[in-house]
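Just so it is clear: chains get the letters A, B, ... in the order the sequence lines come, proteins before strands, and each one is counted from 1. Just so you know, these numbers use all the heavy atoms, side chains as well, and skip hydrogens, waters and symmetry mates. Since this is a predicted model, take the numbers as computed values, not measurements.
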Amino acid sequence: MRASWADLAANTAAENAGAGTSVNNAGTGNSLPPSRSTYVPPHLRNRRPLAESPAPPYSGSTTSGSGAGTANAGSRWGAPRAENRSGVGSSGGRGNVWGNRSAGWDRGRDREVNPFGDQDDTEQPFNEQENSGINFDAYEDIPVETSGDNVPPPVNTFAEIDLGEALNLNIMRCKYVKPTPVQRHAIPISLAGRDLMACAQTGSGKTAAFCFPIISGILRGQPVQRPPRGVRTVYPLALVLSPTRELSMQIHEEARKFAYQTGVKVVVAYGGAPINHQVSLQLLESRCCIAYNEISYLSMALRDLEKGVDILVATPGRLVDLLERARVSLQMIRYLALDEADRMLDMGFEPQIRKIVEQMDMPPPGVRQTMLFSATFPKEIQRLASDFLSRYIFLAVGRVGSSTDLIVQRVEYVQESDKRSHLMDLLHAQRANGVQGKQALTLVFVETKKGADALEHWLCMNGFPATTIHGDRTQQEREMALRSFKSGNTPILVATDVAARGLDIPHVAHVVNFDLPNDIDDYVHRIGRTGRAGKKGLATAFFNDNNASLARSLAELMQEANQEVPAWLSRYAARSSFGGRNRRSGGGRFGGRDFRREGSFNRGGSDYYNAGNSSGGYGASGGYGGAYGPGASSAWD
DNA sequence: AAAAAAG
């Protein structure tokens, strides 16, 4: 006999109940070892344990007669709502969405920490609308393109989609008034069960775009029985992969807000993390009797994991490790999301990703639902990515506020040997202009880790408080640097490409490409760290002969973005002909276009857009071309 | 060639 969910729930409930007064834990008889790390599925949390009837596996569609299945089907969506009216109202802000059922993890030492509470902290002197920090007025002229079969129509409000009470409440807590363009399109697509390849900036609510459908889907999905491979193996229902630890942290933090009090558990796993950052807050709160420093980071991550996970956010390396140790099984994965998907599939990451997605026990495309997000989507990468997708919809969303050029891009010719003094000039000017107030942050990108350390040191020596983030620093140092920068304590951050993608750092006024990247897409991601949340941004690049290969794509990009292209750069661009590798694949208004549309026929420029399914709601695709600006700028993130 | 990601 296999262990059922009901059994697991009963065990946990008994454990949570302390002396186990009301719960009969006997009679669940099976070979399951006495488990301290039992998993409680979302739909069983916060509710009284059921004694019988294993829930069907997710692939099955039948619910077992009298047991968990039937009872839950109603309670998941029906009952909570009824309870809400009184529950939320009477309990004020504290409101337990699920009424007063309080078994599960919202109790005792496992009390779910309010993720909305920890934003105050010393780290956040800027208390404007960080959450909703999007210029909602700029929405209407955002260009959107979709292609694929039977694209579900976009929605205009969250109310149009039934995400469930708990999720709606969290949306309110996040101060999201209405969905962003990417959300308007991506959420209906995902809710319809379709695979998705989406080009969109991070600041646009991309994380929510894939989190909402996942959480909603988990809550309303068939209860699953996760096979008992041993109590130490966990079976997440959703997997979110991202290329850097900091980005995984960021996604986790956001996802926790969205999942708050839904019963859906979000866990993050990444390498090299100090205990108090990777370990869940619940665990910290419990102050369990463990000498933290005697326990490896990994074991703490595992301990956290063992408490059960529905949505696992991870970096590839650590996940592979967990998979090889059989601490995680992907057998039950229903949702797979790759953030910065083009990075995840580039040469460095592809083998690991293929291993995770294709060579472990993850359900194949068509069985699971797959969502890929990035701002840049080179054609070659799209081709690779299509292996992971089934009948997918391609979605390209322009940049919020794109009609105004939020980012001013400058390129200056600076010899290698002059870079430091030139940077110093910029910083001095900034200071003089008062641009570098407490809130004006400068992010300086360099090519190498050693270069980052050297430059940081030199800046500090010269009276500019700087810190650095790169892969040779300990995770603790990395996170400290990021916090110090965000808080304005150290208003200059010298970074390698580890900080190029996805990180949402408010108040970055200036991005300096001290060393230009070799790939134009990297440039796009880098400068996308500024000009966010409707604020203006400045991006300055130091260009010299070493960057000749980038000249053409850079000039094109700047021209598309209505930026002033220096004559000398144009000459460079003209000289470097066959700009094969570095040419932007998509060009134009989006971070990419559907490569499926670029067959031997139909390669005409604007025809392409009209060939795809019109997105609806935005009028004809030709209409916004001018207003939007030839926006390479759409490709942020 | 470099960066990221496991320890």
Fill in the blank from the handout: Here the distance between atom P of B/dA6 and atom CZ of A/Arg327, to the nearest Å, is 17 Å
Practice task
Check every atom of B/dA6, B/dA5, B/dA1 against the side chain of A/Asn518 and return the nucleotide holding the closest atom.
Solution key: B/dA1
Problem - Spacing of A/Asp321 atom CG relative to B/dA5 atom P, expressed in whole Å - result: 15 Å
Practice task
May I have the distance from A/Asn546 (atom CG) to B/dA2 (atom C1'), rounded to whole angstrom?
Solution key: 14 Å
Exercise for the section: Examine B/dA5: is either OP1 or OP2 under 4.0 Å from a nitrogen or oxygen in the side chain of A/Arg478? Give yes or no. Expected result: yes
Practice task
Kindly point out which of B/dA5, B/dA6, B/dA3 is positioned nearest to the side chain of A/Gln352?
Solution key: B/dA5
Handout entry: Which nucleotide in B/dA4, B/dA1, B/dA6 has an atom nearest any side-chain atom of A/His470
Key = B/dA4
Exercise for the section: Using atom CD1 of A/Ile469 as one end and atom P of B/dA4 as the other, report the distance to the nearest whole Å. Expected result: 9 Å
Exercise for the section: Test A/Glu416 against A/Asn544 for side chain to side chain donor-acceptor pair (under 3.5 Å), laying out the working first. Expected result: CA-CA 7 Å; A/Glu416 214 57 47; A/Asn544 60 39; 2.8 Å; yes
Practice task
Compare side-chain N and O positions of A/Thr315 against OP1 and OP2 of B/dA4 and report whether any pair is under 4.0 Å apart.
Solution key: no
Problem - Whole-Å distance separating the CE atom of A/Met347 from the C1' atom of B/dA5 - result: 15 Å
Fill in the blank from the handout: A/Leu319 atom CG is separated from B/dA4 atom C1', nearest whole Å, by 16 Å
Practice task
Consider the side chain of A/Arg318, meaning its heavy atoms from C-beta on, and name the nucleotide among B/dA6, B/dA3, B/dA2 that approaches it most closely.
Solution key: B/dA6
Exercise for the section: Decide salt bridge (charged side-chain N to carboxylate O under 4.0 Å, His left out) for A/Arg343 and A/Asp521; before the verdict, give the C-alpha distance in whole Å, the side-chain angles of both, and the deciding distance to 0.1 Å. Expected result: CA-CA 10 Å; A/Arg343 165 63 88 229; A/Asp521 282 343; over 6 Å; no
Problem - Whole angstrom value for the distance that separates P of B/dA4 from CD of A/Glu350 - result: 20 Å
Problem - Trace of the side chain to side chain contact (heavy atoms under 4.5 Å, CB included) decision for A/Asp321 with A/Arg325 - result: CA-CA 6 Å; A/Asp321 186 42; A/Arg325 293 165 188 253; 3.1 Å; yes
Exercise for the section: Look at the side-chain N and O atoms of A/Arg501 and state whether any lies under 4.0 Å from the OP1 or OP2 oxygen of B/dA3. Expected result: no
Practice task
Give A/Gly471 one of three labels, base, sugar-phosphate or nothing, depending on what nucleic acid heavy atoms sit under 4.0 Å from its own.
Solution key: sugar-phosphate
Problem - Residue whose closest nucleotide on DNA chain B lies nearer the 5' end, A/Asp522 versus A/Thr244 - result: A/Asp522
Handout entry: Short side-chain N/O contact to B/dA2 OP1/OP2 from A/Lys450, under 4.0 Å
Key = no
Completion exercise
Taken to the nearest whole Å, OH/A/Tyr270 to P/B/dG7 is 11 Å
Handout entry: NZ/NE/NH1/NH2 to OD/OE distance under 4.0 Å, A/Glu556 and A/Arg552
Key = yes
Exercise for the section: Go through the steps for A/Asp453 and A/His470 under the test side chain to side chain donor-acceptor pair (under 3.5 Å), then give the verdict. Expected result: CA-CA 9 Å; A/Asp453 280 335; A/His470 60 70; 2.9 Å; yes
